[in-house]
Amino acid sequence: QVQLVESGGGLVQAGGSLRLSCAASGRAFSTSDMGWFRQAPGKEREFVAAISPGGGFKPYADSVKGRFTISRDNTKNTAYLQMNSLEPEDTAVYYCAARNGRRVLFTNPNTYDTWGQGAQVTISS
């Protein structure tokens, strides 16, 4: 069974850092696009970042560019989201997602077929 498990969420002060991890099992991780999305209370799920199977293409939402870094380790079947200079507006549940590799529509959550359970990230001011 395909499964994604996130870890690394928590509560930090504004300006701090967190690293989220997403461990994948049951699918061909090395040929999968991996994405991170987030959903704040009362808001729709929004794209944060994605990474192509080989790691060469990494689109980011404008709101996180320069602060967040997505990466992956195909030997560990794990994707990461390093989040620096965190702001209260980054508070949300963060989800990792996976799909078979394709070269378009990285930002569209409807194109991902597997989702993790979510990790709460809370930034205090």
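What you see below is based on every heavy atom in this structure, not just the backbone, and it leaves out hydrogens, waters and symmetry mates.
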Engineer: For a 4.5 angstrom cut-off between non-hydrogen side-chain atoms, does Met83 reach Val121?
Structural biologist: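 Met83 vs Val121: side chains touch.
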Engineer: Regarding Asp33 and Arg103, does a basic nitrogen lie under 4.0 Å from an acidic carboxylate oxygen?
Structural biologist: no
Engineer: Donor-acceptor pair, Thr107 side chain versus Leu105 backbone, under 3.5 Å?
Structural biologist: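 Side chain of Thr107 to backbone of Leu105: no pair is present.
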Engineer: Does Arg102 reach the side chain of Thr111, with side-chain heavy atoms less than 4.5 Å apart?
Structural biologist: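 The answer is yes, as the side chains (C-beta and beyond) meet within the 4.5 Å cut-off.
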Engineer: Side chains of residues 13-23: which donor-acceptor pairs under 3.5 Å do they make with residues two or more places apart or in other chains?
Structural biologist:
{"residue": "Ser17", "atom": "OG", "partner": "Asn84", "partner atom": "OD1", "Å": "2.9"}

Engineer: Tyr95 ring centre to Arg45 NZ or CZ under 6.0 Å, with the angle to the axis within 45°?
Structural biologist: yes
Engineer: Looking only at side chains, do Asn74 and Arg72 share a donor and an acceptor under 3.5 Å apart?
Structural biologist: yes
Engineer: Would a line drawn from the ring center of Phe47 to the ring center of Phe37 be shorter than 6.0 Å?
Structural biologist: yes
Engineer: Is there a path of hydrophobic side-chain contacts, each under 4.5 Å between heavy atoms of I/L/V/M/F/W/Y residues, joining Trp115 to Leu81?
Structural biologist: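 In one cluster with Leu81: Trp115, no.
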Engineer: Just how far is it from atom CD of Gln117 to atom CD of Gln3, taken to the nearest 0.5 Å?
Structural biologist: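 Between atom CD of Gln117 and atom CD of Gln3 there are 8.5 Å.
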Engineer: Measure the OG1-NZ distance between Thr69 and Lys58 for me, rounded to the nearest 0.5 Å.
Structural biologist: 7.5 Å
Engineer: Does the side chain of Thr91 come under 3.5 Å of the side chain of Glu89 through a donor N or O and an acceptor N or O?
Structural biologist: no
Engineer: How far does OG of Ser63 sit from CD of Glu46, to the nearest 0.5 angstrom?
Structural biologist: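 If we round to the nearest 0.5 Å, Ser63:OG and Glu46:CD are 5.5 Å apart.
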Engineer: Quick one: are Leu4 and Met34 in side-chain contact, heavy atoms under 4.5 Å?
Structural biologist: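 Answer yes - side chains close enough.
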Engineer: Could you go through Arg67 and Ser85, starting from their C-alpha distance and side-chain angles, then the distance that decides it, and tell me whether this counts as side chain to side chain donor-acceptor pair (under 3.5 Å)?
Structural biologist: CA-CA 6 Å; Arg67 300 189 298 123; Ser85 302; over 6 Å; no
Engineer: Can you list every pair that meets ring pair (Phe, Tyr, Trp, His ring centres under 6.0 Å) and has a residue in residues 50-86, with sequence neighbours left out?
Structural biologist: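 Qualifying pairs: Phe57-Phe106.
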Engineer: State the CG-CD1 distance between Leu86 and Ile123, to the nearest 0.5 angstrom.
Structural biologist: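 Taking CG in Leu86 and CD1 in Ile123, the distance rounds to 4.0 Å.
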Engineer: CD1/Ile51 to OG/Ser32 distance, rounded to the nearest 0.5 angstrom?
Structural biologist: 12.0 Å
Engineer: Answer yes if Tyr112 and Val93 sit in the same cluster of Ile, Leu, Val, Met, Phe, Trp and Tyr residues linked by side chain heavy atoms under 4.5 Å apart, and no otherwise.
Structural biologist: yes
Engineer: Taking ring-ring contact (aromatic ring centres under 6.0 Å, His included) as the definition, give me every residue that meets it alongside Tyr94, ordered by chain and number, with sequence neighbours left out.
Structural biologist: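 Expected list: none.
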Engineer: Given the rule in the side chain to side chain contact (heavy atoms under 4.5 Å, CB included) test, do Val64 and Glu87 qualify, once you have shown the distances and angles that lead to the verdict?
Structural biologist: CA-CA 10 Å; Val64 306; Glu87 304 167 351; over 6 Å; no
Engineer: What I'd like to find out is whether the side chain of Ser125 reaches to under 4.5 Å of the side chain of Pro88, using heavy atoms alone.
Structural biologist: yes
Engineer: Measure across Ala119 and Glu6 and return the closest heavy-atom pair with its distance rounded to 0.1 Å.
Structural biologist: CB-CB, 4.1 Å
